[in-house]
There are 2 protein chains.
Amino acid sequence: MFCNKNSYSMNSSHFSISLHILTLLDQVKGQLLNSEYIAGSINCNPVLVRKELANLHKHGFVQSKEGKGGGSTLAKNPADINLGDVYRAVKQKSLLGESKNEPNPDCPVGRQITKHLNDLYDEAETALVKNLSSKTLKDFSAGFK
Amino acid sequence: MFCNKNSYSMNSSHFSISLHILTLLDQVKGQLLNSEYIAGSINCNPVLVRKELANLHKHGFVQSKEGKGGGSTLAKNPADINLGDVYRAVKQKSLLGESKNEPNPDCPVGRQITKHLNDLYDEAETALVKNLSSKTLKDFSAGFK
DNA sequence: TTAAATTGTAATGTTTTTTATTACAGTTAT
DNA sequence: ATAACTGTAATAAAAAACATTACAATTTAA
C-alpha cells in the first residue's frame, strides 16, 4: 500500500475585496479615498486594502497618490473595467483547487489525476470568467442606490 | 470613521477529492475499495476519505459496506453521474466567497455589497456548473489510461 | 464464537492559510 | 517642520484545513 500526502487549495477573498474597493472608487467619482476609509467600509485592516490596491495598481485599474491628502482613484473609465479582467488580475490560485502535494504516482489514477483535474478546472473557470466578462464595473456599481 | 470586520471565505479540496474517489471506484468496476486504499491513492488521511464518502453516499453517488472486507462502490452508472451534480453535492461554500463578517452598514456600498456580490457569484457559478454538467464521470474516467 | 477488518463518527491536535497588527521609510501638503 | 498618507516588511493572531487517535458498531470467516 502506498502513502504520502495531498492537498488541493482554493481562492479567498481577494475578488470580493477588490470589487468592493473598485465600487467605492467609482461611487465617489474621482475623489481620492484613503486606505483607512476603504478598510472601514469593507471592515478589514487598512494594510490589507493597501496590498489589494497595490495589485489593482499593478494591473492598471487604479492610481494612487502618496503623502498627505493622498489616496486612490480609478485609473480607467468604469465602463472599460470588466469583471472578468478583475477576476484574472486578482486570482492567485486555481478556482477549484490546485494540487500542491502529490497524489500517489504508483496508482494509475493518482499519477494522472492532477493533469485531468487541471484541464477540467481550466475549462470550467473559462466559463465562469466569460460570464463575469459580460459585466463592467459601471454595471455593477449602478446597482447601488 | 466606521469599523468592524469582514471576510469572504472559500471552497477547498472537496471536489478534487470526491472526483478522485469516484474515478477510482469507476476504474475498478464494482469492486469494493476501502478507505485506506483510496487514501493511499489520494495521499491523504483515511478518515478524510470516509467523511467524503459519507457525503457522496448522502447524495446517492456511492454505496458502502461495513465490516471485514467492506468498502465502497458506485451507486449509479458512471454515465449517469455528471460533474455538475458532483460539484453541487460537494460544495459547502459559495464559490467566490461568502461574507461571514459584515461590511459596514453605515456605508452605502458596505450595506449593499453582500447582496450584490452574492448575485454576481450565483450567476457566475451557474455558468461554471453548466460547464461541468456537460461532462459525466464516465467521460472523465475514460481519460485515464 | 471469537478474532480481524472494516465503516462511521467524534474528539483532539497539528499544520497551513488568512488576516490583523506593528513598524517604519519615503512622499506630499500645509 | 509636521502631519497624513502610501508602500512594504516582519510578526502575531485567528481561522480553516487536515491528520491523528480512538472506539462503537458491523461483517466475515476461521
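To find a chain, count down the sequence lines: A is the first, B the second, and so on, and within it residues start at 1.
- As a whole-Å value, the separation of B:Asn34 CG from D:dT28 C1' is 14 Å.
- Distance A:Ile38 CD1 to C:dA20 P: 15 Å, rounded to the nearest Å.
- Within the structure, every pair that satisfies the salt bridge (Lys or Arg N to Asp or Glu O under 4.0 Å) test and touches residues 126-138 of chain A, not counting sequence neighbours, is listed here: A:Lys135-B:Glu123.
- Distance, B:Asn45 CG to C:dT12 P: 17 Å, rounded to whole Å.
- Note on A:Ser35: only backbone sugar-phosphate atoms sit closer than 4.0 angstrom, heavy atoms only; bases stay farther off.
- Look at A:Ser13 and you'll find a side-chain N or O under 4.0 angstrom from OP1 or OP2 of C:dT19.
- Scanning for salt bridge (charged side-chain N to carboxylate O under 4.0 Å, His left out) contacts around B:Asp80 gives an empty result, with sequence neighbours left out.
- Listed by first and then second residue, the ring-ring contact (aromatic ring centres under 6.0 Å, His included) pairs involving residues 124-145 of chain B are A:His116-B:Phe144, B:Phe140-B:Phe144 (not counting sequence neighbours).
- Looking at residues two or more places apart in sequence or on another chain, you find no side-chain hydrogen bond (donor to acceptor under 3.5 Å, both in side chains) involving A:Thr23.
- The closest donor-acceptor contact from the side chain of B:Asn55 to the backbone of B:Ala89 lies under 3.5 Å.
- Scanning for side-chain hydrogen bond (donor to acceptor under 3.5 Å, both in side chains) contacts around A:Asp139 gives A:Thr136, with sequence neighbours left out.
- Following rounding to the nearest Å, A:Leu32 (CG) and C:dT28 (P) show an atom-to-atom distance of 13 Å.
- Remark: B:Val47, B:Leu48, B:Arg50 in residues 46-54 of chain B come within less than 4.0 Å of DNA chain D through at least one heavy atom.
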Please table the atom pairs, donor to acceptor, closer than 3.5 Å between any side-chain atom in residues 61-74 of chain B and protein atoms at least two apart or in another chain.
{"residue": "B:Ser64", "atom": "OG", "partner": "B:Ser72", "partner atom": "OG", "Å": "2.7"}
{"residue": "B:Thr73", "atom": "OG1", "partner": "B:Gly30", "partner atom": "O", "Å": "3.4"}

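- One interatomic measurement links the two molecules: NE2 of B:His14 to C1' of D:dA17, which rounds to 8 Å at whole-angstrom precision.
- By the side-chain hydrogen bond (donor to acceptor under 3.5 Å, both in side chains) test, A:Gln27 is found to be paired with A:Ser141, residues two or more places apart in sequence or in another chain being considered.
- Proximity note for A:Lys68 (side chain, C-beta onward) versus D:dA3, D:dT6, D:dT27: the nearest is D:dA3.
- Side-chain contact check for A:Tyr87 and A:Ser133: no donor-acceptor pair (N or O, by modelled atom type) lies under 3.5 Å.
- For residues 56-67 of chain B, proximity to DNA chain D is found at B:Lys65, B:Glu66, B:Gly67, defined as any non-hydrogen atom under 4.0 angstrom from a strand atom.
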